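Throughout, numbering of the chain's residues begins at 1 and tracks the sequence. Numbering of ligands and ligand atoms starts at 1, following listing order. Keep in mind it's a predicted model, so treat the numbers as computed, not measured.
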Amino acid sequence: MNEQVDQGHLRTPPGRLFRKYLYSIVALAFAALAINTGFDVWFSYREQKQLLAANQREQAASAAIQIGQFISQIETQIRWLSRLPPELSTNEDVRLNAIRLLRLSPAIAEITELDSKGREQVRVSRRVADRVGSNVDQSSFAAFRGANESRAYYGPVYFFGDTEPFMTLATRGSGRAPNVVIAEVNLRFIWDLVAGIRVGNTGKAYVVDRLGVLIAHPDLWPALRRSDLSGQPDVRAALDGVGPPAGGLIKEDLSGQRVLSTYATVPSLGWLVFVELPLSEAYAPIYASIGRSTFLLIVLLAFAALVSLWLSRRMAVPIQMLTQGARRIGSGDLEQRLAIKTGDELEALGDQFNRMAAHLRESYATLERKVIERTSELEKARDHALAEHDAAERARSVAVAANETKSRFLAVVSHELRTPLNGVMGVLQLLDDGGLSEVQRRHLATAAASGETLIALVDAILEYARLEASAEALETRDFRLDQLIETAADLMRPQAFGKGLSFDLACDPSVATSVHGDPVRLNRILLNLIGNAIKFTPSGGISVSATIERRDDQALLRAIVRDTGIGIAPDMHERIFEDFVQADDSIARRFGGTGLGLAIARRLTHLMRGELTLESTPGNGSVFTLVVPLGNAASGTVQGAMTPPSRRLHVLLVDDDPVNCEVGEAILVRLGHRAAIARNGAAAVALAGSQPFDVVLMDLHMPDMDGVEAATRIRQLPLRPMPRIIVVTADASPSTRERLAAAGITTVVSKPILISALREAIEDAPEHGAPDAPLVPGALIDRHFLADQKELLGASQIAKLHHLLKETSEKLIADITAAAAIGDHRQLARFAHQLGSAASALGLVGLFERCREIELAVPSMSLPECQSAARELAALREASMSALDEMLAPVPASPQPKGEVGSH
Ligand code: ADP
């Protein structure tokens with residue numbers, strides 16, 4: 001089959017290579033032949049020319065000799081007349097001799113003999129009668145003078161009767177008084193001579209005298225006209241003695257025909273014999289030779305073209321086959337085989353090519369096999385990796401679940417411990433009203449101390465649980481730094497004194513300032529450090545110092561707690577900051593503690609972007625340095641000592657635990673407020689519907705109806721004003737926060753209730769009956785902003801915005817949920833941002849703020865955290881929108897409250 005394919009290729013039109021070869025060979029052959037022919041023609045032309053010229057020169061020379069001989073023969077004859085001295089011959093002798101000579105030589109027309117004085121003695125002529133002894137003086141004649149001067153005189157040619165050329169020839173005799181014989185010679189004889197010279201077929205010869213006058217020409221007429229040719233350049237040059245050019249001269253003759261011309265000089269006379277041959281005849285053999293050569297050239301060229309055609313095909317066709325073969329192999333046809341049978345290197349190349357294709361096919365097959373093997377290996381590896389990944393994912397889920405369980409467990413335990421503790425501490429606080437005996441006071445102090453230790457322990461565990469769950473967030477506000485440090489010192493000083501230790505507080509004046517930060521957390525760290533210092537110092541003392549370094553927009557607090565205690569071994573310097581680590585087991589036995597204090601302190605420090613470091617040598621005490629950046633206080637209002645409330649609030653306290661109810665009521669009373677109590681959710685809803693309250697303090701965990709449910713129902717009552725709901729709980733888990741947010745509750749007070757915390761929480765409660773009291777808790781909607789917007793845009797525009805926000809936010813919540821489900825952080829942050837922006841348009845500040853927080857926190861959130869955040873936003877959006885609905889809907893008439901009403 002391949003053979004057929006190859007034959008097919010042979011029939012394909014010749015390619016570029018073929019044409020290249022063909023043209024090259026033809027051009028080469030043509031060049032060689034053309035050069036050869038050219039040289040040939042050129043040299044034979046030159047030779048022919050030389051030959052022609054030489055031939056013509058010969059003819060001219062021969063004619064010149066003949067003319068010379070004719071003249072010298074006549075000269076000899078007339079010399080014969082004057083051979084005898086005059087004294088030996090008479091005039092009559094001379095006359096007879098002259099007549100004889102005329103008869104002998106037809107060219108001589110007249111003979112005159114002069115004596116030595118130039119007097120005519122004898123004259124014999126063919127035309128006139130003889131004259132003897134006339135004595136006519138001819139001594140002045142040129143012939144006489146010329147003969148006397150040089151023995152022989154040749155006169156110029158002259159025409160007699162304009163028909164025939166004549167020349168005067170004179171010779172001088174010998175003796176003392178030699179006579180001179182003058183002959184008039186008819187040159188007609190030369191005409192015959194010239195006419196008889198054959199130059200080729202159409203060539204001619206002519207003679208000019210030494211003055212350039214034409215004296216003999218085959219055509220009579222030019223000669224008879226006595227044509228003067230001295231004006232012609234070649235004649236002029238010849239007369240001036242320039243020899244004829246070797247190859248002859250090409251010129252135009254008298255009739256205007258181009259001729260090859262040469263000449264010879266007749267000796268003694270100085271005449272010139274010109275021989276001319278028309279060029280057409282002179283070069284005819286050369287042209288014939290060129291014609292023959294050209295014909296040969298064309299024949300050879302045709303032959304060369306045929307040969308090169310054959311050669312090119314022989315070369316180009318196998319190369320074409322190779323090219324097409326390579327192209328087929330390139331396109332993947334490895335079965336391709338070439339059949340080149342030229343028996344030379346091309347055939348060898350074709351064989352190599354076939355071998356290469358075979359190798360390639362083998363390699364390709366091997367490669368394919370290897371690829372298949374490798375692919376299956378990779379698939380196996382991938383399956384393995386996927387299996388490992390699944391296992392790791394399962395392990396991670398288990399770990400996460402375990403961690404969450406742990407955190408939940410800790411939270412529940414703390415809560416369950418806190419509830420009774422709350423009661424104990426509250427009662428202890430109430431007992432100290434100044435009417436106790438010394439012993440009772442001591443017991444009370446012991447009980448309080450134990451309670452505080454327990455609270456500290458529970459706090460530590462709870463805090464740790466929160467930090468573990470990453471639920472701890474800073475709660476910042478403005479506060480006096482010096483007051484905070486002094487309060488902490490005041491709190492701890494008695495303990496130090498109690499152990500017989502000194503206690504120094506050295507605050508730099510720069511510390512007496514207001515700053516912005518989290519005072520609760522900072523206080524906790526300081527108390528921990530001071531507490532440890534007291535705990536681990538048997539003798540000596542403790543010193544606390546603090547300085548503030550002001551930067552542009554922040555104040556860098558540097559607080560140092562130094563003691564003279566037992567110190568810490570260098571290898572423990574870092575480890576004591578780890579969870580549940582104590583420097584020494586015996587320490588745990590001697591001093592108690594959990595090993596969590598410093599771990600929490602350092603985590604909180606880091607939360608505040610600060611550093612907590614230690615320097616210590618065993619036996620020489622320890623130095624803890626806390627460096628924390630704090631913001632500058634925005635205003636001059638800072639937390640100071642407690643002052644009585646500006647207004648007495650009516651507070652509804654909801655708790656299923658009677659002790660907590662009692663403690664709470666007592667604290668509220670001590671804070672200067674009025675309290676009503678509901679023991680369950682339903683009672684709370686009923687009471688809230690029947691009486692106006694400024695604040696509802698709601699316990700979260702209650703049987704039947706929990707705090708969130710009760711709060712939601714209260715919200716649904718058409719109350720004016722709507723009381724502010726504050727939740728009291730020890731549970732700070734994310735799911736709880738989520739539920740609270742969904743119910744629109746943002747203020748939370750942790751259990752056990754501390755007076756300062758409660759005071760702080762209810763301080764912002766709106767004034768009862770104030771004209772601009774909000775319809776819903778301020779945390780969800782900024783009523784001032786909404787009112788401004790309403791005024792600015794008009795009710796209808798606000799209604800449109802309201803509708804738009806409802807739709808947009810619903811869609812964004814769907815997007816957020818979808819993004820959270822797959823843990824797409826980028827999208828989640830983007831949609832949260834969009835939702836926040838949309839919410840801010842109508843003053844939904846609660847939703848706006850939470851969106852912003854989530855947007856910022858998203859990058860570090862785990863998948864479950866993302867999902868939880870999405871749920872929280874969905875719930876918060878629901879609550880915010882229904883609050884907005886309420887605010888924008890017309891206020892309905894107040895219904896009659898129903899349900900169980902509490903006893904207080
Ligand atoms: P603990 O509740 O046990 O005090 P901490 O985390 O506060 O837990 O302290 C961890 C350990 O660090 C302590 O058990 C103690 O061994 C060591 N430590 C802390 N502060 C000091 C100090 N000022 N002097 C000596 N040792 C200290």
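Judged by distance alone, with hydrogens and angles left aside, the side-chain atoms of D518 form no donor-acceptor pair with the main-chain N or O of T476 at under 3.5 Å.
The atoms of ligand 1 that sit less than 4.0 Å from any heavy atom of F624 are 20 (N), 23 (N). Applying the 4.0 Å criterion to heavy atoms of A533 picks out, from ligand 1, the atoms 23 (N). Atoms of ligand 1 lying under 4.0 Å from at least one heavy atom of K535, given by number and element, are 1 (P), 2 (O), 4 (O). If you number the atoms of ligand 1 from 1 as listed, the ones under 4.0 Å from a heavy atom of I568 come out as 18 (N), 21 (C), 25 (C), 26 (N), 27 (C).
Contact detail for F503 and A496: the closest heavy-atom pair is CD1-CB, 3.7 Å. Here the shortest heavy-atom pairing between I534 and M492 reads CD1-O, 3.5 Å. Of all the heavy atoms in T564 and G540, the pair that sits closest is OG1-CA, 3.2 Å.
In summary, R602 and E574 engage in a salt bridge, as defined by a charged side-chain N under 4.0 Å from a carboxylate O. Checked for salt-bridge contact, E853 and R850 meet the test: a charged N lies under 4.0 Å from a carboxylate O.
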Stepwise side-chain hydrogen bond (donor to acceptor under 3.5 Å, both in side chains) test for S437 and Q440: CA-CA 5 Å; S437 71; Q440 285 172 322; 3.2 Å; yes
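Inclusion of L598 in the set of residues having an N or O under 3.5 Å from an N or O of ligand 1 is warranted.
Note on ligand 1: F577 sits outside its first shell, no heavy atom being nearer than 4.0 Å. Remark: distances from the non-hydrogen atoms of G567 to ligand 1 include one below 4.0 Å. Using a 4.0 Å heavy-atom cutoff, M572 is absent from the residues neighbouring ligand 1.
Of all the heavy atoms of L529, none lies under 4.0 Å from any atom of ligand 1, so neither backbone nor side chain is involved.
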